[in-house]
Number of protein chains: 2
Amino acid sequence: MNAGRTARERARAQLTREITEIARRQLGTEGAGGLNLRAIARELGMVSSAIYRYYPSRDELLTALIIDAYTAVGEAVERADAARDPDDHAGRWRAVCHAVRDWALAHPHEYALIYGSPVPGYQAPADTVGPAVRDTVVYGRILASAYAAGVLTPPDGFPAPPPSFAGDADAVRELMPGLPDDLVARAIAAWTGLFGFLSFELFGQFANVIDDRATLFEHQVRTLGRLVGLPAS
Amino acid sequence: MNAGRTARERARAQLTREITEIARRQLGTEGAGGLNLRAIARELGMVSSAIYRYYPSRDELLTALIIDAYTAVGEAVERADAARDPDDHAGRWRAVCHAVRDWALAHPHEYALIYGSPVPGYQAPADTVGPAVRDTVVYGRILASAYAAGVLTPPDGFPAPPPSFAGDADAVRELMPGLPDDLVARAIAAWTGLFGFLSFELFGQFANVIDDRATLFEHQVRTLGRLVGLPAS
DNA sequence: ACCGAATCGAGAGCACTGCTCTTGACATGG
DNA sequence: CCATGTCAAGAGCAGTGCTCTCGATTCGGT
């Protein structure tokens, strides 16, 4: 990000920010489908065609918002993790989970944008893969650190993954060095369990069934933490 | 559903079916956002306004498709469950999971419609709640049956749910009579873990990381089954 | 200080959407 | 056999994403 030397460059950067800002607000109230270039232009007192000087298409704008959303949840997770005692692995896991949930509840449409149905006709460009795994990187670091410290005590009674899982386990292990295949698989189960819960909660699957979702979430987080072997707490 | 006595009634039912059929195909190729009344009309050789005689609005059509999707996955789950030995509870659980996954992979857009981001501006009417829980009903029956048979042996080392969970547990227990709060919570964790995995798989979160998704899925299903206490198999 | 080049917003316009209203043709049932 | 209700068609409205052109402004090099 260059600071922008000339007046034009600064004005351009400013306007681009404003467009993204308004778009994010629109996203928050209307959802991804309600993203409306003309409404953004109206709010800016510009004509719709002028927007195209800054974002060549609606999809480009969407990509920017997707990257922003991934970055936001990634930063929230990083902050929550950093605020904890590094040796309190179970606490870090819970903090990460609650950070994701708090962010998701505060920004449901942005959560839907990145963890819900893909936008029809939209293909995520390569720029999104970096920000997309920021939260997962933190998660992997917690598990790797806990494993290295020797505090992972996964409950017995669960099946071992088949040998054919070894290849994918190697790929995932880059995020959580050292963990054996068994724990890598459990880590995936815990991670998908976290987002499965949140998707159910945010997308209305809990309606009329689960009232006290905060309580159940806290319990599920502890259960999933134990599944990967994190100490009870 | 009346068989339709008069010619007109039969023609009406037939056309309604055809519209839904074309809409479902459109949904399969374009996604929910690409649902296009005018294109449906074109394909039928009608003019767009005529569609409104059968579906008063686009949302109404969407509701029909949502109910269809819930019904389809519910029936797939019921078939898979019925094909198993009723006493093979672990096998029934696995069959249910694979039925959901097979259906989801075959109909990704319909999966997204019911388990992905809610359609913007669309509020699910009450008609959808019945079909929406058909799969969950089957799931609950399996667990209740296994618990009644005394074959549920949940692994130790997991926390107990807090007393404040009791209220919601009662609501969920209607689907799985007899299960103690602890197992109800685990059942929810397994169920959300199943759909969390599928959402990750279908919505692209596994891209470039997990290749052999079938293997990992099978393992996760067994892991989640064990979590609720179903016997290994 | 100037001037060609790059960039900007405005405006008109295209093809498309969901949806409404009216009109004339038709089948239905008393 | 005729009044009634239903039907498809057509025109039209307000809105969309996006393209193109046209003057005005600003920039960078001379």
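Since the structure is predicted, the reported quantities are computational estimates derived from the model, not experimental observations. Numbered from 1 within each chain, the chains take letters A, B, ... in sequence-line order.
Note on B:Asp81 versus B:Arg141: no salt bridge recorded, every NZ/NE/NH1/NH2 to OD/OE distance being 4.0 Å or above. A salt bridge links B:Arg222 with B:Glu218: the closest approach of a Lys/Arg side-chain nitrogen to an acidic carboxylate oxygen falls below 4.0 angstrom. We find that A:Arg24 and A:Glu21 are joined by a salt bridge, their nearest charged nitrogen and carboxylate oxygen being less than 4.0 Å apart.
Between A:Arg58 atom CZ and D:dT19 atom C1' there is a gap of 18 Å when expressed in whole angstrom units. We find that CD1 of B:Ile40 is positioned 11 Å from P of C:dT17, with the value rounded to whole Å. The interatomic distance linking A:Glu60 (CD) with D:dG17 (C1') rounds to 14 Å, in whole Å. Nucleotide D:dA8 holds its C1' atom 13 Å from the CZ atom of B:Arg12, rounded to whole Å. A:Leu44 has its CG atom 10 Å from the P atom of C:dA10, to the nearest Å. In this structure, A:Leu35 places its CG atom 8 Å from P of D:dG17, rounding to the nearest Å. With rounding to whole Å, A:Tyr54 atom OH is found 13 Å from C:dA10 atom C1'. With rounding to whole Å, B:Leu62 atom CG is found 11 Å from C:dG18 atom P.
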Please produce a list of atom pairs where a protein N or O lies less than 3.5 Å from an N or O of nucleotides 1-4 of chain D.
none

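Within 4.0 Å (heavy atoms only), B:Leu61 reaches no atom of the nucleic acid at all. Note on B:Tyr55: nothing from the nucleic acid sits closer than 4.0 angstrom, heavy atoms only.
The CD atom of A:Gln205 sits 12.5 Å away from the CZ atom of A:Phe197 when rounded to the nearest 0.5 Å.
In this structure, A:Arg101 forms a cation-pi arrangement with A:Phe217, its terminal cationic atom sitting closer than 6.0 Å to the ring centre and no more than 45° off the ring axis.
Looking only at side-chain heavy atoms (C-beta outward), A:Tyr139 and A:Leu194 stay at 4.5 Å or farther from each other.
Looking at the side chain of B:Met46, the nearest of the listed nucleotides D:dG17, D:dA8, C:dG18 is D:dA8. Which of C:dG11, D:dG17, D:dC7 sits closest to the side chain of A:Arg38 comes down to D:dG17.
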Next on the checklist: For nucleotides 22-30 of chain D, give me one character per nucleotide, 5' to 3': B if any protein heavy atom sits under 4.0 Å from the base, S if the only such contacts are to the sugar-phosphate, - if neither.
Outcome noted: ---BBSS--

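Comparing B:Ile51 and A:Ser48 along DNA chain D, the residue whose closest nucleotide (by nearest heavy atom) sits nearer the 5' end is B:Ile51. Closest-nucleotide positions on DNA chain D for B:Leu15 and A:Ser49 were compared, and the one nearer the 5' end corresponds to B:Leu15.
At least one donor-acceptor pair closer than 3.5 Å links the side chain of A:Gln26 to the backbone N or O of A:Asn36.
Contact annotation: A:Asn36 side-chain N/O to D:dG15 OP1/OP2 distance is not under 4.0 Å. Not one side-chain nitrogen or oxygen of B:Tyr52 sits closer than 4.0 Å to the OP1 or OP2 atom of D:dA8.
A:Ser199 and A:Tyr111 are linked by a side-chain donor-acceptor pair at a separation below 3.5 angstrom, with hydrogens and angles left out of the test. Side-chain contact of A:Tyr52 with A:Ser57: a donor-acceptor pair under 3.5 Å is absent, judged by distance alone.
Among residues two or more places apart in sequence or in another chain, the side chain to side chain contact (heavy atoms under 4.5 Å, CB included) test is passed with B:Ala112 by A:Ser117, B:Phe203.
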